[in-house]
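Worksheet for the structure shown next.
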Amino acid sequence: MTGNIYKPHIAKIIDIKIETGDIKSFKFQFVDQAAQKEFTWKAGQFLILNLFGIGEAVFTFANPQTRNEYIECSIRKVGLVSEAVHELEIGDTVGIRGPYGNWFPFEKWHGKNLLYVAGGVGLAALRSPIEFALDTKQDFKNITILYGARSPMDLCYKDKFSDWEKVKDTQMILTADKGADGWKHKVGFVPAVLKEVHPSPKDTVAIICGPPIMIKFVLKELLDLGFTPDQIVTTLEMKMKCGFGKCGRCNVKHLYICKDGPVFTYAQLKDLPDEY
Amino acid sequence: MDKELQELIKKLLTEKKAEWAIGYEKAYDEFSTRPAFIIDPADTARLIFNKYCINNLGLYLTKLKKNKLAVVCKGCDIATVFELIREKQFKRENVAIIGVACEGVLDKRTNKLLEKCENCQVKQPKGADFTLGNAKNSEKPKSYADVVEFEKKSSKEKLEFWNRQFEKCIRCYACRNVCPVCYCPDCFALRSMPEYLSKHVDADKNKLFHMIRMQHVFGRCTDCKACDTACPVNIPLSMLTKKLAKDAKELFNYESGADTDARPPLSTYDEGDSESDIM
Amino acid sequence: MAYLITKENIKEVLNALIAAKTVYAPKKDAEDTVLFEKLVNASEWHGDSLLTHTTAKDKVYLQSERFFKIKKDKNGVTIEDPAEPEEIVIFGCRPCDARGFDVINKLFNWSDFVDEYYTKRMAKTTIITISCEKPESTCFCTSFAKGSPVNETGSDLLLTPLKDGKYLAEAYTEKGEKVISDNLKYFSEAAETEAKEKEAFKTASEAKIIKKLDLAAIKKLMEPAFESAYWETVHLPCVKCGACTFVCPTCYCFDITEKAFDNMNSERVRSWDTCMSEIFTRMAGGVNPRSDTKKRFRQRFMHKFNYHVDNFKEELCTGCGRCIKACPVSIDVRKVIEGIK
Amino acid sequence: MSNEKKKDINVVGFLCNWCSYAGADMTGLGRNIYPSNIKIIRIPCTGRMDPMMIIEAFHNGADGVLVSGCHPGDCHYSEGNFYWRRRYPHLKSLMEHFGIDKRRFHASWVSASEGKKFAEVVKKVVADVKDWQENG
């Protein structure tokens, strides 16, 4: 990496889409077209979004590197920066620096089945790896996506599901903790549905993301199904500032989530203390 | 006195009059002491009291979530405990105050007697549940001579003095964190919405922090000097806390920590209050 | 090659340096605070205190570093880089302070990401160190592989006081050699005997350091001690201020914030931060992995003597003992890590 | 908190909604002229006047601050200005200790009908600030 590592690329918002009540998806494009072409990342990495006059915050890429004519982020309104981002309009200027962190090791998973398990906004972190796998489907066998939320209202990326399902050997399983009128999919918690679906651990990698309580029970289910800890992969979230292991806040033991993570296998996490 | 203190605390803990006891123990050399937390009655042998016991242990009363505490207090620290009781942080009956007679404490940095100890009215503690030792109170009243002297300076001189002081400030917040009455769980200095102070450190922002902190502790600060002695770069915060004490006395005839039932000056009023300076 | 210089001539060299560059050296103020401050004349140099109240770290790794200015207008946003740093001299720091720079250097050059704000400033900094004659009760530099009252790590030029008011001057880098060659008239060549005298100085000085820790053994104890009940009580006196981290020559954690002047102009600023602060790891939305004080206290010691060793093969500490002195409740880092079980 | 001498005097006026703000309106209605150096911020009551905001105003470069409310006994919330009457002398004294000249910080009682008085008060405040700037 050369040059000033803190200096962002200047980008403009080219599209805004409302996903749910407090989540919006933003598409950004660099002002410098050449830089946009050169800018590449791998599914699982994250970027730091700069709001000039407000500050910086970390977000994960929502689109895969195979669709890199723009950068997309799904942003939930929770803090100072994210609240300010929600105020922005198409054409507004932001800064982007990155990409940072490690990625999902798809190159190691060629020829395997992929099982994605997501809960609530956790799908935002998995969208990029899902779409990457779908775009390079020839490298993988079956893809199963299990996604649940509190209610049908809280599902993100509803409009993407039909596109995803169209890809050969891809299965979408949707569930809601509580159904609603017209809901044709499953009703129940994600771990229970996972048990019902009963995926085989043979040649399969499970990629999970969601609220901590869901992760806990999904892990238990997966282990019961016969998945080994290194077949389970997740991505962690922690307060980050710099993005490259210098500012000292996102460490779990000697590992920095921003530099050595955010993607970890359960085999790695098992040995780490519960401080994330 | 150490022996007496140890025995007393052992007794309080054994008889379950207190769950925890807070006292002093030796720190890294013979000139330093640090707070000691005693849970086990057999563990009291490390407790000491000497002229290096500078910390105000009243600080920990709001930090420990325990029902019954025993705390070793110098006469001046008792004012802090009373002030916290007045602020309803805990009940009087839940804290056993062990007053220790004190001939003054030394600043570990300069090895000099603290200025507040010179004309001390409470060398022999008042209002404690148990009192150990004997000391003779000063006959002279508390002196505000240095504050009066400082007040005579022009505003430009004062500004220059404080600018120099706050240039040194590294905003480590030691002053705030050792302050027994600065117990807000969410200090204004840490809030981001609205943001009064960013992490950016410069003399101006540092001064803003200290001004607001001083304003927040007015009528509550017992002038215990914990902040002054904690400052790693020796900013004379005592000059400010003493001013607060003087103002409370002169403007409202109020002394914080004196009475557990009093209304602090800014949360009450009198219809006959002076308004000479208001147009 | 080693040289000799008298104390008077050191002041002459100092004056020559002041004329050419910005020189920071220990200076005492009206409140008896000794800090590294910009000198106007060599006579202001206060060389009697062992340690300054804060380190010289903030001269290279500024407490608030202005990254760049941001200007918004109708055409978009322009980012304006700051001016290049000026050449500075840090004079009269101690071997532990100088070694602190060496420790942070590695961090800011870690992996593929080089922090150019720091490295540029470091490249323009000359560090002149003076060996410690009278270590204090808080010193424990000899516990470290490279630590000693005469250690040269991180220094460009090391001055060791010998007999008769003379100092042995040894340059370890080009920057150090340049200080000597530019002021050669004040230096004289040293003989073999003086190098021996330095050895004697080292032995005498090290003997005054009362505490030596076995850090390798401590690290072994620390690794399994994460969940130890030890942390439940040891953190109690700690008031969670940041004094220890801000006076430390090696603590480097920072925060990046934006300082807005008005709607159109702002500045990106990096400021020191402290792991003792509650908001250090608090995420937007309120989740905080190190929410309680025990966890933050543990993080500080674990980071310094365990995690950092895993990543950099050295401790994040130089044994200067400033944190012990600055701590309002006299927490002794040596006792804390020695007591781990 | 800047001590720089500037040409334009900036005074921040915190005026209570019920009396002084209306009083300031009355000043205009009555064609009384007052200096334009004052920038008015409306507050619900002087009892709500957070000293932090006054300190912040000085910090951000205000040359003077005026807080104005209802006359004692006339408070819309019956006792808000009594609290302010206690806060003011303490705050003024503390600010002076920090080096903020007493000529820079003022308080007044102006009722909704006292348009003329408001003009007088502002004139006095601006004159005092000017005096501080010119004579130190």
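A note on names: the letters A, B, ... follow the listed sequences, proteins ahead of strands, and every chain is numbered from 1.
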Between C/F113 and A/F244, how do the two ring planes meet: parallel, tilted or perpendicular, split at 30° and 60°? parallel

Would you please classify the geometry between the C/Y117 ring and the A/Y6 ring as parallel, tilted or perpendicular, with 30° and 60° separating the classes? tilted

Given a strict heavy-atom distance threshold of 4.5 Å, which part of [X] is in contact with chain A: side chain, backbone, both, or neither?
X	answer
C/D273	side chain
C/H303	side chain
C/T257	neither
C/I256	both
C/F254	both
C/L316	neither

Would you say that more than 12 heavy atoms from the other residues, nucleotides or ligands in this model lie under 6.0 Å from the [atom1] of [X], or not?
X	atom1	value
A/R76	CZ	no
A/F30	CZ	yes
C/K69	NZ	no
A/K158	NZ	yes
A/E69	CD	yes
A/K17	NZ	yes
C/K106	NZ	yes

Minimum heavy-atom separation for C/C253 to A/G248, with atom names? SG-CA, 3.7 Å

Please check if the side chain of A/K7 supplies one atom and the backbone of C/D81 the other of a donor-acceptor pair under 3.5 Å. no

So, does A/R249 use its side chain to make a donor-acceptor pair with the main chain of C/F280 at under 3.5 Å? yes

Once you round to the nearest 0.5 Å, how far does CE of C/M283 lie from CE of A/M240? 8.5 Å

Nearest 0.5 Å, please: how far is CZ in C/F226 from CG in A/L272? 9.5 Å

Side chain from CB out, backbone as N, CA, C, O: work out which of these in [X] comes under 4.5 Å of a heavy atom of chain C, or both, or neither.
X	value
A/I10	side chain
A/E237	both
A/L51	backbone

Using a cut-off of under 4.5 Å on heavy-atom pairs, state which of C/R282, C/E227, C/K259 scores highest against chain A. C/R282

Members of residues 97-105 of chain C whose heavy atoms come closer than 4.5 Å to chain A: none

Select all residues of residues 262-269 of chain C having any heavy atom within less than 4.5 Å of some heavy atom of chain A, and report them by number, or 'none'. C/S266, C/R268

Keeping to residues at least two apart or across chains, list the salt bridge (charged side-chain N to carboxylate O under 4.0 Å, His left out) pairs with something in residues 229-241 of chain C. C/E232-C/K294

Is there a donor-acceptor contact under 3.5 Å linking the side chains of C/Q299 and A/N251? yes

Below 4.5 Å, heavy-atom pairs only: which of A/K77, A/K239, A/K246 has the largest tally toward chain C? A/K246

Output all residues satisfying ring-ring contact (aromatic ring centres under 6.0 Å, His included) with C/F305, sequence neighbours left out; order by chain, then residue number. none

